[in-house]
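Here is the naming used below: chain letters follow the sequence lines, and residue numbers restart at 1 for every chain. Quick note: numbers below take in every heavy atom, side chains included, and nothing from hydrogens, waters or symmetry partners. Computed from a prediction, not measured in an experiment: that's the story for all the values here.
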There are 2 protein chains.
Amino acid sequence: MELDIRIKMNEKLFLRNPEESVLGKKIVKNGLILINKLGFEEFTFKKLSIEISTTEASIYRYFENKHRLLVYLINWYWSYIEYKVVFYTNNMSNPEIKLKTIIKLLVEDPGDKGLNSDFISEQEAYQLIMWEGSKSYLTRNVSKDNKDRLFKPYKDLCERISCTIKEYNPKYKFPHSMASTILEMAHSQKFFMQNLPALTDFSKEQDDKKIILFLESMLFYSIQTK
Amino acid sequence: MELDIRIKMNEKLFLRNPEESVLGKKIVKNGLILINKLGFEEFTFKKLSIEISTTEASIYRYFENKHRLLVYLINWYWSYIEYKVVFYTNNMSNPEIKLKTIIKLLVEDPGDKGLNSDFISEQEAYQLIMWEGSKSYLTRNVSKDNKDRLFKPYKDLCERISCTIKEYNPKYKFPHSMASTILEMAHSQKFFMQNLPALTDFSKEQDDKKIILFLESMLFYSIQTK
DNA sequence: AATAAATAATAGTATTACTATCATTTAGGA
DNA sequence: TCCTAAATGATAGTAATACTATTATTTATT
């Protein structure tokens, strides 16, 4: 069975829906790959247009600027992760197992086995979050963008984790902050491990198991009923 | 008593030491203010040169590019925080009190009472870390920059916190990751509180007490001997 | 007072981040 | 199948960015 997961994206993110044309899909797919290759600062629509044999002007018909493309890609990823979280935890009644499953889904690199359609590659999206994730909101437009609901997928996922924490321990005082800490650290610790290992207890190129253990211990010791 | 704290900065950060001239100090001081005002992406040396009535070329004689200026400012801040940590925890023998003091120093906005010499304003530096902190290392040059020891102040502070955690509980397995989590979250949670409050349990413009409580509970429940 | 160093003034280049116009191709409906 | 509208391509243009280079002028040092 092969499912085509269709994620409804916020219309404010684009001028023309990239999912509805061949060019649009190429922009998104190869934009993601090129941002990963060059880094967001060095990435330009001009370079992307050469890569996919189109013109700058054509890309601008889809996205107002490269930051919107970034937020589009990041939103796709968080929506997709939430879909996976729902899919894998749906039948679970034990919030502890649920939370452990969520941490695994956040930390584990999808690698080759991840979704890799003609649209967005899950593995590339994972890399993007790690390197460029926080650049989506670390701008002077946060509040305006937030009003346009550009961060809804991230906030929804945070809310879902927060609810599961509450299920586990209704008395815990900081479920949202704990959820956003887990979300942020899942990728930060991985980034640190690979690039600034002195900031972690994991050695470069080590597997994800230790990060998962770290996050689990932090979460469960914190939310234990006292 | 008025102390002039002199922080030795890594020489790779600049082409000419900005502390050694009036213009250099103006670049650093007003650069910080202007980055905070415009956001790092919108900030340019041209705009700064107009602000301080000099030329672009003159600024380029001090800093290779704006990213180096950013790292300079961020390093100054982390070195200064480490200085404060040493100053305030020097005479403490109890690691619990030490760690609580550190968290306070990280979270609390220095406000007007902070260091505000003719050089770098502590309060402005605090804002900078919150908004632009992670942009210092989220580039394709991390590894190269790391080899040039450009992140030493941050890593030193992380190491110091890590050691204090080890003092508290020598058996705890993840002292560095816990330290970097505290460091990152001190500013992220504050940023979220002010700009994306749905990601926290704190309401906009609330005081820092709750963030401190959150971080303390996360830290101490995690590192409790089991 | 001489001289070295720092700064200002000016100019110039390739690239970025767009916007505009018009021609051509493609896709869908009558 | 032809017609029309929509999408794309080709081309051009602009202001700003991220620099580098050159020369003149000011400032500090011996």
- [ ] Starting at the 5' end of nucleotides 10-30 of chain D, put B wherever the base has a protein heavy atom under 4.0 Å, S where only the sugar-phosphate does, and a dash everywhere else.
- [x] -------SBBBB---------
TODO: Give me the ring orientation class for A:F191 and B:Y137: parallel if the planes are under 30° apart, tilted from 30 to 60°, perpendicular past 60°.
DONE: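 The rings of A:F191 and B:Y137 sit tilted, inter-plane angle from 30° to 60°.
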TODO: Indicate the ring-plane relationship of B:Y80 and B:W76, choosing parallel, tilted or perpendicular according to the 30° and 60° boundaries.
DONE: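 Ring orientation of B:Y80 relative to B:W76: parallel.
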- [ ] Validate the cation-pi geometry between A:K66 and A:F40: distance from NZ or CZ to the six-membered ring centre under 6.0 Å, angle to the ring axis within 45°.
- [x]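 Yes, a cation-pi geometry.
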TODO: Could you tell me whether A:R68 sits above the aromatic face of A:F63, with NZ or CZ closer than 6.0 angstrom to the six-membered ring centre and within 45 degrees of the axis?
DONE: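 No, A:R68 does not lie over the aromatic ring of A:F63.
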Would you say a side-chain N or O of [X] is under 4.0 Å from OP1 or OP2 of [N]?
X     : N     : answer
A:S58 : D:dG9 : yes
A:Y62 : D:dA7 : no
A:S21 : D:dT8 : yes

In whole Å, what is the span from the [atom1] atom of [X] to the [atom2] atom of [N]?
X     : N      : atom1 : atom2 : answer
A:E20 : D:dT8  : CD    : P     : 11 Å
B:L23 : C:dA5  : CG    : C1'   : 14 Å
B:K26 : C:dT7  : NZ    : C1'   : 12 Å
B:I52 : C:dA6  : CD1   : C1'   : 14 Å
A:F63 : C:dA17 : CZ    : C1'   : 17 Å
A:I50 : C:dT15 : CD1   : C1'   : 11 Å

Task: Other residues, nucleotides, ligands: >12 heavy atoms within 6.0 Å of A:K37 NZ - done: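 No, because the 6.0 Å sphere around NZ of A:K37 holds 12 heavy atoms or fewer from other groups.
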TODO: Quick one: list whatever passes side chain to side chain donor-acceptor pair (under 3.5 Å) with A:Y72, sequence neighbours left out.
DONE: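 A:Y72 satisfies side chain to side chain donor-acceptor pair (under 3.5 Å) with no residue once adjacent residues are dropped.
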